[in-house]
Every structure is written in C-alpha cells, then in structure tokens.
Amino acid sequence: MALRPNPTLRQRRVGTELRRMREQAGLGGNQLARELGIHAAQVTQMETGKSGISVERLRTIAAACLCGNQPLIDALADMVSERGKGWWEKYRGTLSTDFLEIAELEANAHSISTWATTYVPGLQQTEDYAAAMFSRFTPSPPSHDLDARTSFRMQRKEAVRHGKTPYASFIHEAALRMQFGGPRVLADQLNHLVDDSLTGRISVRVVPFDLDTFPGGGENIMFIEGPVPELATLQMDTAMGSMYFDAQPSLTRHRDVFARLNSVALSEPKSREFIRSIEYEMRGKYA
C-alpha cells in the first residue's frame with residue numbers, strides 16, 4: 001500500500017492515539033511490531049498517519065496493548081472506517097489544508113465551543129466581515145484567493161448554523177469593538193450575532209471589559225469535543241495559521257477555561273442587550 005504523502009489531521013490523530021496506546025502499555029515500537037508480526041517501520045508509519053489501518057488491525061493493536069477503554073477503541077474504529085468525501089473537498093488544491101481540516105473537525109464534532117478575544121469567531125462572521133478579516137493580511141491575498149477563503153468560511157458557518165451540533169460562543173467585548181471593514185460592517189456583524197443567539201441552536205455570551213477577571217489566554221480558540229473525551233481537539237488561531245493540540249493536560253486546562261467562562265460571562269439575554277448597545281453605537285458613527 002502506498003504511503004500517504006500528506007496525511008489529514010484525522011489520519012494523524014488516529015496515529016497519535018495508537019502511539020499513546022502503545023506507550024501506556026510500556027511497549028516499544030519493535031516490541032509491538034513483533035506482537036503483530038510486521039516490520040517496526042510499519043508501526044511508525046501507522047503512528048504518523050502515513051499508512052492506513054483497518055478496523056481489524058486497530059482492534060488487534062488495542063488487544064496487544066491491553067487497552068480496556070472500549071469507547072475509545074470503538075471511536076477510533078469509526079474514524080478509520082471508510083468515509084464519504086465532505087463538502088470541503090471541492091476546495092482541496094485551492095485552499096491550504098488548515099482550512100479543510102477545521103471544516104472536517106467541525107463536521108464530526110459532538111459539540112463546539114469558541115472563545116474569541118480579538119475578532120468575532122469565524123463560524124459567526126458575515127461575508128463582509130470575513131472578507132475584511134482576510135484582507136487585513138500583508139500582503140493582501142489576490143482577489144480569487146480572497147473570494148475562495150470567504151466563500152469557504154460562509155459554508156463552514158452555514159454547516160454549523162443549520163446543523164445539529166451544539167455550539168457555545170464566548171466573545172470578549174474587545175472582539176465586539178474591533179473594527180474590520182468599518183463601523184457599518186461591524187454593526188451588521190453584531191446584528192448577525194444577535195440573530196445567531198435567537199436561533200435556539202447557538203449560545204452567544206459576552207465577557208465585558210469591566211469583569212474583574214480574564215478567563216483564559218488572549219488567543220481565539222475553538223474546543224471541539226469528539227465522541228469520547230480523549231478525542232477532543234483544541235484549535236488555536238495564530239498569525240502563522242492554525243495550531244492543534246490534543247495532549248490531555250492541554251485539553252483538561254482548556255475545559256477549565258470554558259467552565260470559568262460559563263460561570264462569569266453575561267447571560268444570553270444580557271449578552272444580546274450588550275451586543276445591541278454596541279451595534280447602536282456603531283450605527284451612530286455613519287448615520
């Protein structure tokens with residue numbers, strides 16, 4: 001079987017979990033290879049996502065590692081099963097894998113939570129706001145790339161907005177006031193946030209400036225819960241692109257961040273009032 005030159009995030013994650021399973025069993029790569037009757041290089045290829053793995057082999061590895069976490073094994077088995085291509089695949093070759101991998105994570109999420117401190121979360125951006133966000137880069141992307149990025153973000157948003165995955169959005173006041181595209185674009189964006197909060201499927205809650213604490217770091221982050229807690233993923237936006245974290249200490253720490261946000265953020269009704277007040281303020285700038 002040919003090796004994958006660029007395994008996807010999902011394929012790499014399966015490999016990571018196989019490696020963790022082996023390490024928790026105290027087995028080296030050579031030892032596991034002997035147990036399976038394969039070459040040690042094949043173990044490395046599976047653990048890096050370079051080589052595919054069948055459900056049967058996955059369960060054989062779990063048995064060799066004496067893994068008794070059946071929900072995790074079943075979830076991994078589902079991940080390696082054949083999947084249909086998602087809507088994002090039509091953008092492959094047009095956009096970087098960062099974009100595609102986020103969409104695939106969202107499509108298979110059991111719940112999504114975001115914490116935004118510098119700009120409105122991508123899953124809630126209007127088209128004009130998203131285009132202004134992408135235009136801020138230096139050098140500015142060419143028009144065809146800008147159009148593709150914006151179109152892709154709108155499809156991501158609609159997939160989550162009209163899907164069944166629970167979505168909780170926590171937004172700092174700084175992100176509500178940061179202007180991308182000017183006051184009119186921001187005012188329309190804020191109105192869209194209020195509309196989101198009224199759908200019954202999306203929770204939008206604000207953390208105002210005058211709160212006497214600041215939960216979590218200053219990054220824009222997304223926490224995606226998988227079918228089992230071990231398969232959660234933390235995604236962080238940076239100037240260099242998306243970063244992904246799946247180590248259990250990092251997941252535990254950020255679950256605590258969202259628990260704290262849930263305890264200190266304004267209620268949903270008060271958040272809507274707060275967002276409306278900033279919207280009216282922005283509309284006053286061009287009225």
Side-chain angles (χ1 to χ4, degrees), residues 87-88 90-91 94-96 98-100 102-103 105-107 109 112-137 140-163 165-208 219-222 235 237 239 241-242 265-266 268-269 271-287:
W87 63 264
W88 52 88
K90 69 180 181 181
Y91 288 89
T94 302
L95 297 176
S96 70
D98 271 1
F99 288 85
L100 310 185
I102 291 174
L105 275 174
E106 292 164 352
I112 299 173
S113 301
T114 54
W115 169 218
T117 58
T118 52
Y119 48 81
V120 170
L123 288 175
Q124 296 174 278
Q125 291 176 7
T126 64
E127 187 169 355
D128 288 342
Y129 187 97
M133 281 282 302
F134 290 128
S135 297
R136 81 190 194 282
F137 295 114
S140 182
S143 59
H144 68 276
D145 189 37
L146 179 62
D147 290 344
R149 294 185 188 194
T150 304
S151 172
F152 186 83
R153 181 154 290 182
M154 294 303 99
Q155 284 197 252
R156 277 181 58 210
K157 180 183 76 171
E158 291 307 306
V160 171
R161 200 165 189 252
H162 297 293
T165 304
Y167 175 34
S169 171
F170 295 92
I171 309 176
H172 196 272
E173 182 179 349
L176 297 175
R177 292 187 175 278
M178 193 78 73
Q179 292 189 39
F180 296 97
R184 186 187 298 273
V185 170
L186 179 56
D188 290 344
Q189 173 63 76
L190 296 174
N191 180 66
H192 188 74
L193 283 177
V194 173
D195 287 345
D196 272 352
S197 73
L198 293 170
T199 63
R201 292 182 297 276
I202 300 174
S203 169
V204 179
R205 297 179 61 194
V206 173
V207 176
E219 308 89 355
N220 275 37
I221 59 176
M222 175 186 294
Q235 181 265 334
D237 285 341
S242 293
L266 299 178
E268 292 186 53
S271 292
R272 283 192 284 272
E273 293 175 11
F274 195 95
I275 294 169
R276 282 292 191 210
S277 69
I278 302 177
E279 177 195 346
Y280 296 150
E281 181 183 330
M282 289 300 111
R283 294 203 186 281
K285 292 181 181 295
Y286 63 83

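In this chain, numbering begins with 1 at the start of the sequence shown. In this text the structure is predicted, and so the values were computed from the model without any measurement.
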Discussion item. For a 4.5 angstrom cut-off between non-hydrogen side-chain atoms, does Ile102 reach Trp88?
Written reply: no
Practice prompt. Report yes if some heavy atom in the side chain of Met222 is under 4.5 Å from a heavy atom in the side chain of Ser113; otherwise report no.
Written response: no
Worksheet item: Would a distance-only check, ignoring hydrogens and angles, find a side-chain to backbone donor-acceptor pair under 3.5 Å from Ser151 to Asp147?
Response: no
Worksheet item: Do Thr117 and Asn220 touch side chain to side chain, with heavy atoms closer than 4.5 Å?
Response: yes
Item to complete: Using the salt bridge (Lys or Arg N to Asp or Glu O under 4.0 Å) rule, collect all pairs that involve residues 152-162, keeping only residues at least two apart or in two chains.
Response: Glu106-Arg156, Arg161-Asp196
Worksheet item: Is the charged tip of Arg184 near the ring of Tyr286: under 6.0 Å from the six-membered ring centre and within 45° of its axis?
Response: yes
Discussion item. List the residues meeting ring-ring contact (aromatic ring centres under 6.0 Å, His included) with Tyr129, not counting sequence neighbours, and say none if there are none.
Written reply: Phe180
Worksheet item: Stepwise, does the salt bridge (charged side-chain N to carboxylate O under 4.0 Å, His left out) test hold for Asp145 with Arg149?
Response: CA-CA 6 Å; Asp145 189 37; Arg149 294 185 188 194; 3.1 Å; yes
Practice prompt. Assess whether side chain to side chain contact (heavy atoms under 4.5 Å, CB included) is satisfied between Ile278 and Arg283, documenting all intermediate values.
Written response: CA-CA 9 Å; Ile278 302 177; Arg283 294 203 186 281; over 6 Å; no
Item to complete: With rounding to the nearest 0.5 Å, note down the distance linking CD in Gln124 to OG in Ser197.
Response: 9.0 Å
Fill in: Heavy-atom donor-acceptor pair, Asp98 side chain to Ser242 backbone, under 3.5 Å
yes
Practice prompt. Can you measure from CD1 (Ile202) to CG (Asp195) and round to the nearest 0.5 angstrom?
Written response: 10.5 Å
Discussion item. Pair Gln179, Met282 - check side chain to side chain contact (heavy atoms under 4.5 Å, CB included), show working.
Written reply: CA-CA 10 Å; Gln179 292 189 39; Met282 289 300 111; 3.8 Å; yes
Worksheet entry | Closest non-hydrogen atom pair between His172 and Pro208, with its separation | NE2-O, 4.2 Å
Worksheet entry | N-O pairing of Glu279 and Arg276 below 4.0 Å | yes
Worksheet item: OG/Ser96 to OH/Tyr91 distance, rounded to the nearest 0.5 angstrom?
Response: 13.5 Å
Response to the item:
The ring-ring contact (aromatic ring centres under 6.0 Å, His included) partners of Tyr167 (sequence neighbours excluded) come to none
Discussion item. Going by side chain to side chain contact (heavy atoms under 4.5 Å, CB included), Ile275 matches just one of Val206, Asn191, Ile171. Which one?
Written reply: Val206
Worksheet item: Going through the distances and angles, do Leu266 and Phe274 end up as a side chain to side chain contact (heavy atoms under 4.5 Å, CB included)?
Response: CA-CA 9 Å; Leu266 299 178; Phe274 195 95; 3.9 Å; yes
Worksheet item: So do Val160 and Arg201 actually touch side chain to side chain, heavy atoms under 4.5 Å?
Response: no
Worksheet item: Is there a donor-acceptor pair closer than 3.5 Å between any side-chain N or O of Arg272 and the backbone N or O of Val194?
Response: no
Practice prompt. Go through the steps to decide whether Ile221 and Gln235 satisfy the test side chain to side chain contact (heavy atoms under 4.5 Å, CB included), and finish with yes or no.
Written response: CA-CA 6 Å; Ile221 59 176; Gln235 181 265 334; over 6 Å; no
Worksheet item: To the nearest 0.5 Å, what is the distance between CD (Glu281) and CG (Leu176)?
Response: 11.0 Å
Worksheet item: Are Thr150 and Phe134 close enough that some pair of their side-chain heavy atoms sits under 4.5 Å apart?
Response: yes
Worksheet item: Which of parallel (below 30°), tilted (30 to 60°) and perpendicular (above 60°) describes Phe99 and Phe152?
Response: perpendicular
Worksheet item: If we only count heavy atoms from C-beta on, is the Gln189 to Tyr119 side-chain gap below 4.5 Å?
Response: no
Practice prompt. Determine whether more than 12 heavy atoms belonging to other residues, nucleotides or ligands lie under 6.0 Å from atom CD of Glu127.
Written response: no
Fill in: Any donor-acceptor pair under 3.5 Å from Gln125 side chain to Val120 backbone
yes
